[in-house]
There are 2 protein chains.
Amino acid sequence: MTAAAPKLRDPSALDAFLAEIDGVPTVLDPVVVRRRSRDFFWYSPVLNAELKDKAADVMVSPRDEAEVIRVAAAAARHRIPITPRGGATGNYGQAVPLAGGILLDMLALDRIAWSKPGIVRVEPGAKMHDIDAALRPTGWELRMHPSTKRTATIGGFVAGGSGGVGSVTYGGLREPGNILAARVVTVEETPRVIELRGDAAQKINRAYGTTGIITMLEMPLAPAWPWVDVILACDTFEAAFAAGKAVARADGVVKKLLTPIDTPIPDYFGPLKPACPAGKAVLLAMIAEPSLEVFRDIVAPFGTITHEEPTDEGAGKVPLYEYAWNHTTLQWLKADRSVTYLQCLFPPDRLEETVFAMRERFAEDLVAHCEFIRFAGSVTCSALPVVRYTTKERLDEMIAVHEANGVLIANPHVVTLEDGSRHKRADADQIGFKAEVDPYGLLNPGKMRTYVPRAG
Amino acid sequence: MTAAAPKLRDPSALDAFLAEIDGVPTVLDPVVVRRRSRDFFWYSPVLNAELKDKAADVMVSPRDEAEVIRVAAAAARHRIPITPRGGATGNYGQAVPLAGGILLDMLALDRIAWSKPGIVRVEPGAKMHDIDAALRPTGWELRMHPSTKRTATIGGFVAGGSGGVGSVTYGGLREPGNILAARVVTVEETPRVIELRGDAAQKINRAYGTTGIITMLEMPLAPAWPWVDVILACDTFEAAFAAGKAVARADGVVKKLLTPIDTPIPDYFGPLKPACPAGKAVLLAMIAEPSLEVFRDIVAPFGTITHEEPTDEGAGKVPLYEYAWNHTTLQWLKADRSVTYLQCLFPPDRLEETVFAMRERFAEDLVAHCEFIRFAGSVTCSALPVVRYTTKERLDEMIAVHEANGVLIANPHVVTLEDGSRHKRADADQIGFKAEVDPYGLLNPGKMRTYVPRAG
């Protein structure tokens, strides 16, 4: 916990707060509140030790923006921390309240305000799966989503995520145009509602809810192609990587996912095992059906297609993306809790060089898993290698070596934005904006460690 | 003319040919045939001198594939050259018959066989404007088109072009997936019909009709966004270029055109002059309406938006793309026939360096005009600088200096594929395929100069 995290000053403050928000659904049962105060931080043994006992004092579930404003006002008056929570599918402890207080469950704000070709305006608690299901009859879908799409909310993704399935085409949430607008409620005695449009909306991106309570988002849409899940089995990781890169660079091929994975990770892919022959590296891909014929031509020199099925997100089905991004790590963790992962961003101009150098350097305790993405207009790789965990010191050494080689690490073993986000320190705009919307430092305290509240 | 270009051996051959294709529409009037034997080669003073007197002996206008086959068979039997022609909007003399013979007018093969989400199958003589107009109610459009979209045919574009409006997103026709399939008729006594799918379809791309007579194309489609024409006026070309690059690299912004143009070219933009203040460089852009707000944010530091109108391709309207690509050159040529142009491809890893070095090196006789495109997965620039023409030697010098600096030149002052196409020599596949489909070397003879017919 950091100096910036306030404590409840007065034990009676919570009672007074609860009285003021009378009528807004709350949960005080400590077992439930503690369970909901968790996210998927336990992928990191380091965070697990640090966060496993953290919990809010109360979970509050507003049903509309008016109730959010009431909660924010009462919290400000009584100086009670507020940690907003969506689907709590993050891995950085984004949604874990470090200083107790209010866990602000946003799941009831789940309405689509409107959609038109190319844009949806939606409340933050809407599940991304539900948004896409609602939009699909119109021919549109969200541009990108995490592998946890079924349970992740759009607000949680924007506030706690960076990109995912779809970023191979559109880049991450950080790219201009990938968040069109956000409406936030400030945490003050008299909360204000601020509409952030265009670039300004980046102030709430991957800020873990520290820069205002999001009550509405305007997100750009992509054509809802008929996607096809494909697995290419390759003799070597180099071949799977080369196949992925060739498709990533083919601007004529419509794709949503390109994931080269080294052996033995696919051994942990349960139901997909028949398509993942032992000893083979794989490339997981989602390709638009009309581009499939060309995709097959491109990858033919690199391996054999062992699986080709329309992406099916129906109940009881497991779409291929649930083996990609951080679900890749999860598949292994299901069988073996001794592993963890890193989150890397490789330099586009030295992509192969750095990917293969790190793989060789840490052959003992790192297994390569890359995700082709676009970053600032270039094809490169994000990566979530599976790491055999020994000590925090060894993890830190691996991170240091990556960084010395120009590989950016979004350290998933820390809780602060400054270290966990791709920005090595909180962006000046985010800190400046936080001073404006959260003068008492009540929003998810402890996550933006360089922020000093301006008021007491 | 080259050694590969056959002559009519027997003056009576033409009569015999005409008798065999009885019923297929033909034109023998030398005035009409000569006029139709031209394309826009006259942008080049060099080609103008070389080609202005070339003409076919007869124009033949088949109405379906069966008639194409009859023409091909009769031409093969009588060893008469065939030069296929679409809209004849090219600038390399693609459609000019160097050796007389048959001008094969494909305009009557203009039907859409079918379309489905993401794909259209269409005859080669269909005008690109008409294809888009027919598809728009379905929500789709062609991925890219030349600035001559209103009169260019899809077959002519595929056989004679390289890319255009839309290539900033999808790259050129050369990228895998940008031509899905082509059906060609061979020129033999008993013509065969060959379906080329996927990569194989590249055999007819920018081959000037030398590798078979295209009778059907399958082309990938893009969502038909509501496009907006935008002009950004900038104090310097550097600023217009930087604005274009920032948008080109923003994968979250949906765009179709990004064209930085140096002063004084916009002085020649007639009706657009009010949006092109004297002494200002401009960036021309086509942006999807839902991305417009973000586009404005990105370009704000670089200049002032002086024009913003929905793209209108209606009768009597002039869409902004008719000031881009080689229409840029045309706007100047309308007032001043003393200029010509080059066609450049800049290296993505030294983009600014080479663009600005060439601009400085030839400040006397070259005015910069770039087109942002994707090429093999990277953002780079194609360019069609306006050149003040003095001598062919000076042009050759400019080309040599560009090439010495790593700038690829698709020389628009030569008629051969090998020099005029981006490939410095005809691709082996194209030559190999030509041997298969055109054993007598009758298809557009003289254009593929490294081809030696295998039969006499």
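Every value quoted in this text rests on a predicted model; they were computed, and no experiment measured them. Side-chain atoms are counted along with the backbone in the values below, which use heavy atoms only and exclude waters and symmetry mates. Here is the naming used below: chain letters follow the sequence lines, and residue numbers restart at 1 for every chain.
- Neither the backbone nor the side chain of A/L173 has a heavy atom closer than 4.5 Å to any heavy atom of chain B.
- Distance check: B/R143 CZ to A/D251 CG gives 9.5 Å after rounding to the nearest 0.5 Å.
- B/P290 places none of its side-chain heavy atoms less than 4.5 Å from the side chain of A/K116.
- For A/S167, no part lies near chain B; criterion is any non-hydrogen pair under 4.5 Å.
- Among all heavy-atom pairs drawn from A/R249 and B/A376, the shortest one is NE-O, 2.8 Å.
- Atom CZ in A/R197 sits 10.0 Å away from atom CZ in B/R296 (nearest 0.5 Å).
- If you measure heavy-atom distances from B/L221 to chain A, the contacts under 4.5 Å come from the backbone alone.
- Contact annotation for A/S291: only side-chain heavy atoms (C-beta onward) come within less than 4.5 Å of a heavy atom of chain B.
- Within the structure, ring pair (Phe, Tyr, Trp, His ring centres under 6.0 Å) contacts touching residues 239-258 of chain B (residues at least two apart or in different chains) are B/F241-B/F356, B/F241-B/F372.
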| task | Please lay out, stage by stage, how A/V294 and B/L180 fare under the test side-chain contact (heavy atoms from CB on, under 4.5 Å). | result | CA-CA 7 Å; A/V294 178; B/L180 296 175; 3.7 Å; yes

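- Interatomic distance, CG of A/D199 versus CD of B/E293, reported as 10.0 Å (0.5 Å rounding).
- If you tally non-hydrogen atom pairs under 4.5 Å between each of B/G171, B/G172, B/P176 and chain A, the highest count goes to B/P176.
- The part of A/P117 that comes within reach of chain B is its backbone (N, CA, C, O), which places non-hydrogen atoms under 4.5 angstrom from that chain.
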